[in-house]
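Bear in mind that the values here come from a model prediction, so they are computed numbers and not experimental data.
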Amino acid sequence: MPDYYDRTGRPVEMMEWASLFGTPDYKHVAYTEVTSASDPAVKYRVSTVWLGINHNYLNGPPHIFETMVFADTPDPERYRGVFEPDPAWMDMLCRRYSNELDAKLGHQETVILVAATVPDEVISTEYQTPAPPPGAGTTA
(Lines give C-alpha, C1' and ligand atoms only; values in the text may rest on other atoms or scores of the structure.)
Protein backbone atom coordinates (compact mmCIF):
# COMPACT_ATOMS: atom_id res chain seq x y z
CA MET A 1 0.00 0.00 0.00
CA PRO A 2 1.40 3.46 -0.87
CA ASP A 3 2.45 5.77 1.95
CA TYR A 4 1.48 9.18 0.49
CA TYR A 5 -1.87 10.45 -0.85
CA ASP A 6 -3.39 13.70 -2.06
CA ARG A 7 -6.71 14.98 -0.69
CA THR A 8 -8.67 12.91 -3.19
CA GLY A 9 -6.99 9.72 -1.96
CA ARG A 10 -4.82 9.34 -5.05
CA PRO A 11 -1.38 7.87 -4.29
CA VAL A 12 1.44 10.38 -4.85
CA GLU A 13 5.21 10.38 -4.59
CA MET A 14 6.85 11.77 -1.47
CA MET A 15 8.03 15.01 -3.13
CA GLU A 16 4.53 15.80 -4.39
CA TRP A 17 3.12 15.07 -0.93
CA ALA A 18 5.74 17.38 0.63
CA SER A 19 4.79 20.19 -1.75
CA LEU A 20 1.09 19.76 -0.98
CA PHE A 21 1.69 19.46 2.76
CA GLY A 22 3.58 22.73 2.72
CA THR A 23 0.50 24.54 1.38
CA PRO A 24 -1.73 25.60 4.33
CA ASP A 25 -4.84 26.11 2.17
CA TYR A 26 -4.46 22.58 0.89
CA LYS A 27 -3.69 21.02 4.28
CA HIS A 28 -6.37 22.70 6.41
CA VAL A 29 -9.89 21.28 6.11
CA ALA A 30 -11.87 22.83 9.00
CA TYR A 31 -11.29 24.76 12.23
CA THR A 32 -13.84 25.60 14.92
CA GLU A 33 -13.55 27.17 18.35
CA VAL A 34 -15.99 26.30 21.12
CA THR A 35 -16.05 28.74 24.03
CA SER A 36 -18.35 29.46 26.94
CA ALA A 37 -20.37 32.69 27.00
CA SER A 38 -20.48 32.54 30.79
CA ASP A 39 -16.79 31.65 31.23
CA PRO A 40 -14.52 33.10 28.53
CA ALA A 41 -11.54 31.20 29.95
CA VAL A 42 -13.02 27.97 28.58
CA LYS A 43 -11.90 27.39 25.02
CA TYR A 44 -11.60 24.30 22.86
CA ARG A 45 -10.19 24.23 19.35
CA VAL A 46 -11.38 21.54 16.92
CA SER A 47 -9.04 21.18 13.97
CA THR A 48 -9.35 18.89 10.94
CA VAL A 49 -6.44 18.56 8.55
CA TRP A 50 -5.30 16.47 5.64
CA LEU A 51 -2.22 14.49 6.67
CA GLY A 52 -1.58 12.75 3.37
CA ILE A 53 0.31 9.93 5.07
CA ASN A 54 -1.48 6.68 5.81
CA HIS A 55 -2.08 6.43 9.57
CA ASN A 56 -4.07 3.20 9.35
CA TYR A 57 -1.60 0.62 10.55
CA LEU A 58 -4.14 -2.18 10.32
CA ASN A 59 -6.05 -3.53 7.34
CA GLY A 60 -8.43 -1.26 5.49
CA PRO A 61 -8.35 2.02 3.60
CA PRO A 62 -5.65 4.60 4.34
CA HIS A 63 -6.41 7.16 7.05
CA ILE A 64 -5.19 10.45 5.59
CA PHE A 65 -7.32 13.03 7.45
CA GLU A 66 -7.38 13.81 11.16
CA THR A 67 -9.57 15.73 13.60
CA MET A 68 -8.11 16.74 16.94
CA VAL A 69 -9.41 18.69 19.92
CA PHE A 70 -7.13 21.02 21.86
CA ALA A 71 -8.16 22.34 25.26
CA ASP A 72 -7.23 25.88 26.22
CA THR A 73 -9.00 25.52 29.54
CA PRO A 74 -6.98 26.81 32.51
CA ASP A 75 -8.58 24.47 35.05
CA PRO A 76 -10.00 21.27 33.61
CA GLU A 77 -10.63 19.99 37.15
CA ARG A 78 -13.68 22.31 37.30
CA TYR A 79 -15.32 20.12 34.72
CA ARG A 80 -14.71 16.75 36.39
CA GLY A 81 -17.91 14.80 35.95
CA VAL A 82 -18.74 16.63 32.73
CA PHE A 83 -16.03 14.86 30.78
CA GLU A 84 -15.96 11.12 31.17
CA PRO A 85 -13.85 9.52 32.39
CA ASP A 86 -11.50 12.48 32.83
CA PRO A 87 -11.51 16.09 31.59
CA ALA A 88 -8.00 15.68 30.20
CA TRP A 89 -9.30 13.30 27.50
CA MET A 90 -10.58 16.26 25.53
CA ASP A 91 -7.04 17.40 24.80
CA MET A 92 -6.17 13.97 23.48
CA LEU A 93 -9.18 13.31 21.25
CA CYS A 94 -8.07 12.25 17.80
CA ARG A 95 -10.17 10.83 14.99
CA ARG A 96 -8.88 9.73 11.61
CA TYR A 97 -10.63 9.31 8.27
CA SER A 98 -10.06 7.88 4.83
CA ASN A 99 -11.74 10.60 2.77
CA GLU A 100 -12.55 14.27 2.94
CA LEU A 101 -16.31 13.89 3.23
CA ASP A 102 -15.95 11.66 6.29
CA ALA A 103 -13.39 14.11 7.71
CA LYS A 104 -15.79 17.05 7.36
CA LEU A 105 -18.67 15.07 8.85
CA GLY A 106 -16.40 13.87 11.65
CA HIS A 107 -15.36 17.46 12.31
CA GLN A 108 -18.99 18.49 12.71
CA GLU A 109 -19.70 15.52 14.99
CA THR A 110 -16.69 16.39 17.13
CA VAL A 111 -17.79 20.02 17.44
CA ILE A 112 -21.21 18.80 18.63
CA LEU A 113 -19.54 16.46 21.14
CA VAL A 114 -17.34 19.23 22.51
CA ALA A 115 -20.15 21.82 22.57
CA ALA A 116 -22.33 19.46 24.61
CA THR A 117 -19.77 19.64 27.42
CA VAL A 118 -19.40 23.43 27.52
CA PRO A 119 -21.89 25.54 29.49
CA ASP A 120 -23.42 28.34 27.40
CA GLU A 121 -21.38 27.25 24.38
CA VAL A 122 -20.49 29.63 21.60
CA ILE A 123 -19.42 27.95 18.37
CA SER A 124 -17.21 29.92 16.02
CA THR A 125 -16.16 28.33 12.74
CA GLU A 126 -13.07 29.99 11.36
CA TYR A 127 -13.04 28.13 8.08
CA GLN A 128 -14.12 25.04 6.24
CA THR A 129 -12.26 24.66 3.00
CA PRO A 130 -13.83 23.28 -0.15
CA ALA A 131 -12.34 20.15 -1.62
CA PRO A 132 -9.59 20.92 -4.13
CA PRO A 133 -10.56 20.47 -7.76
CA PRO A 134 -9.72 17.12 -9.39
CA GLY A 135 -6.06 16.98 -10.22
CA ALA A 136 -5.15 19.84 -7.87
CA GLY A 137 -1.63 19.45 -6.65
CA THR A 138 -0.64 17.01 -9.35
CA THR A 139 2.70 17.47 -10.97
CA ALA A 140 3.24 17.24 -14.69
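- Contact detail for Asp120 and Ser38: the closest heavy-atom pair is OD2-OG, 2.8 Å.
- Hydrophobic clustering of Ile, Leu, Val, Met, Phe, Trp and Tyr side chains at less than 4.5 Å, counting indirect connections, unites Val114 with Val42.
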Test Ile53 against Phe21 for side chain to side chain contact (heavy atoms under 4.5 Å, CB included), laying out the working first.
CA-CA 10 Å; Ile53 296 176; Phe21 195 77; over 6 Å; no
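- How far CG of Asn99 is from NZ of Lys104: 11.0 Å, rounded to the nearest 0.5 Å.
- Atoms CG and OG1, on Leu105 and Thr110 in that order, are 10.5 Å from each other to the nearest 0.5 Å.
- To the nearest 0.5 Å, atoms NZ (Lys27) and CZ (Arg7) are separated by 12.0 Å.
- Below 30°, between 30° and 60°, or above 60°: for Trp50 and Trp17 the angle between ring planes is between 30° and 60°, a tilted geometry.
- Contact annotation: the side chain of His107 approaches that of Thr32 to within less than 4.5 Å [non-hydrogen atoms, C-beta and beyond].
- To the nearest 0.5 Å, the span separating CG on Asp102 from NE2 on His63 amounts to 9.5 Å.
- How far OH of Tyr31 is from OG1 of Thr48: 11.5 Å, rounded to the nearest 0.5 Å.
- One hydrophobic cluster holds both Val12 and Phe65 under the rule that ILVMFWY side chains link at heavy-atom gaps under 4.5 Å.
- One hydrophobic cluster, built from ILVMFWY side chains closer than 4.5 Å, cannot hold both Ile112 and Tyr44; they sit in different ones.
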Would Tyr26 and Asp6 count as a side chain to side chain contact (heavy atoms under 4.5 Å, CB included) if you check the C-alpha gap in whole Å, the side-chain angles of each, and the deciding distance to 0.1 Å?
CA-CA 9 Å; Tyr26 191 89; Asp6 68 10; 3.3 Å; yes
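- When all heavy atoms of Arg95 and Gly106 are compared, the pair lying nearest together is NH1-O, 4.0 Å.
- Note that CD1 of Ile64 is 12.5 Å distant from CZ of Arg96, once rounded to the nearest 0.5 Å.
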